[in-house]
**Q** 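Following this message is one structure expressed as structure tokens.
Just follow the structure's listing: the first ligand is 1, and inside any ligand the first atom is 1. Since the model is a prediction, treat every value here as computed from it, not as a measurement.
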Amino acid sequence: MKGEEIRSTSMEYNLQSWSKQKNINPIPVEKADGIYFWDYDGNRYSDMSSQLVNMNLGFGNQKIGNAIKDQVDQFCFIGPSYGAESRATLAKKIIDLMPDNMGKVFFTNAGAESNENAVKMARMFTGKNKIFSRYRSYHGSSFGAGNLTGEPRRYALEPGVPGFIKFFDPYVYREAITFDSEESATRYYLTKLEEQIQYEGSDSIAAIVMETITGSNGILIPPKGYMPGIRALCDKYGILMICDEVMTGWCRTGKMFAFEHFDIKPDIVTFAKGVTCGYVPLGGVVVSKEIASYFDENLLSCGLTYSGHPLSCAAGVACVDYYEEADILGNVNKVGQVLGETLEEMKKNHPCVGDVRYIGLFSAIELVKDKETKEPLVPYGKDPNGVMGKIAGLLKDRKFMTYTHENMVLIAPPLIITEEQLREELMKMEEVLTIVDQELL
Ligand code: PLP
């Protein structure tokens with residue numbers, strides 16, 4: 001097939017996620033390499049969101065591809081109850097990367113399934129049923145994970161799962177109260193959360209599930225002391241702390257896992273995306289030794305045909321090795337500094353930039369009509385004039401590919417990006433912000 005045929009066949013037969021189908025217009029992709037991909041007309045696009053913040057190692061990594069091919073040659077599949085070298089090796093590597101309280105891994109196929117199974121395990125282990133998660137979070141689109149999700153992408157699933165409770169996240173930039181320090185913000189949010197725990201009945205709460213750093217809802221980085229404070233509340237009330245590292249894991253934020261920024265040990269960690277960088281699907285749930293040993297004597301009532309698919313695990317082993325061999329963390333921290341400095345300049349120079357938030361190569365630009373009042377460029381949940389779509393279009397015209405969410409533009413390039421490549425791409429963003437200042441405010 002050629003480009004136009006691929007486009008028209010996709011439009012006729014594929015249902016595309018999160019879209020009114022009449023609006024879809026996919027770019028047919030012919031080839032891809034590193035941070036770039038090309039359409040059938042030879043246009044080169046820069047992947048400034050690592051696709052869905054999953055292609056941490058970019059396109060065309062030979063080591064990952066070869067690891068999959070080698071596994072194909074050995075065998076493609078053997079059921080989860082059998083021993084497979086790639087499955088065992090990857091689980092061991094993951095536990096070796098985790099804090100010393102963590103014990104075992106249950107593999108899934110993706111992020112949503114990881115969160116679903118984490119919640120099931122938390123309920124089985126604690127014998128309690130309520131699950132706390134936050135507004136402005138995304139945990140997946142399946143029934144359970146979708147109900148953990150604290151933003152409009154869960155609406156199609158409502159009425160929700162009984163016992164799933166939402167609390168507000170620390171979105172300091174948009175809080176009605178002004179805080180004199182990060183610590184006072186933390187005190188405020190933790191006090192409100194503790195009150196909510198008490199009113200819900202601490203004896204009935206199995207787990208608090210959080211994106212360690214909120215991703216698609218705008219890179220919301222917790223204020224100082226917040227995560228240790230959550231850990232302390234969990235300990236006080238016998239609640240499990242579940243960190244969703246689906247987006248933030250695997251070097252994205254400048255640490256192997258984002259919870260390492262906060263000096264905490266979660267009870268359960270969920271992951272997906274960067275464990276295989278999109279080469280094949282894989283996700284997983286890492287549980288503490290204590291939870292793992294509970295299931296020595298108690299039935300682990302979880303199961304998936306493709307739990308720990310050998311091909312996916314082979315890709316996972318190759319990715320984990322590559323992160324280390326290629327010192328990907330070193331690159332994220334070096335190039336991430338350029339990203340942060342450039343975003344700060346943009347905030348200083350552009351009336352439309354209300355806030356910038358960044359950590360490692362994980363960042364968002366929050367667009368406003370007015371810096372003083374912080375009025376968002378588009379009202380929450382609405383974009384009647386398609387302004388954010390226009391901005392994505394202006395970026396696309398420059399072959400800068402990323403996605404927007406509400407009034408925010410996400411920038412999360414593959415972690416192999418060089419400083420030179422990043423600077424070249426950010427010039428395009430600079431041009432678009434100037435147009436927004438002049439024409440869209
Ligand atoms: N959790 C987080 C934090 C995510 O960002 C996502 C997807 O973007 C998910 C879970 C769901 O992952 P998946 O789409 O692989 O089911």
**Q** Is the ring pair F77/Y306 parallel, tilted or perpendicular, if the boundaries are 30 and 60 degrees?
**A** perpendicular
**Q** Which protein residues come within less than 4.0 angstrom of ligand 1, counting heavy atoms only?
**A** A110, G111, A112, N115, Y138, H139, G140, E211, D244, V246, M247, K273
**Q** Just checking, any donor-acceptor pair under 3.5 angstrom between side chains of H405 and N217?
**A**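 Checked: H405/N217 side chains pair up, N/O donor to acceptor below 3.5 Å.
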**Q** Centres of the Y135 and Y171 rings: under 6.0 Å?
**A**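 Centroid distance Y135-Y171: not below 6.0 Å, so no.
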**Q** Y189: what forms a ring pair (Phe, Tyr, Trp, His ring centres under 6.0 Å) with it, not counting sequence neighbours?
**A** F179
**Q** Would K374 and Y173 count as a cation-pi pair here, with the cationic atom under 6.0 angstrom from the ring centre and within 45° of the axis?
**A**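 K374 over Y173 ring: yes.
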**Q** For the residue pair T186 / E183, report whether a side-chain donor-acceptor contact shorter than 3.5 Å exists.
**A**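 Their side chains do not contain a donor-acceptor pair, so the 3.5 Å distance test is not met.
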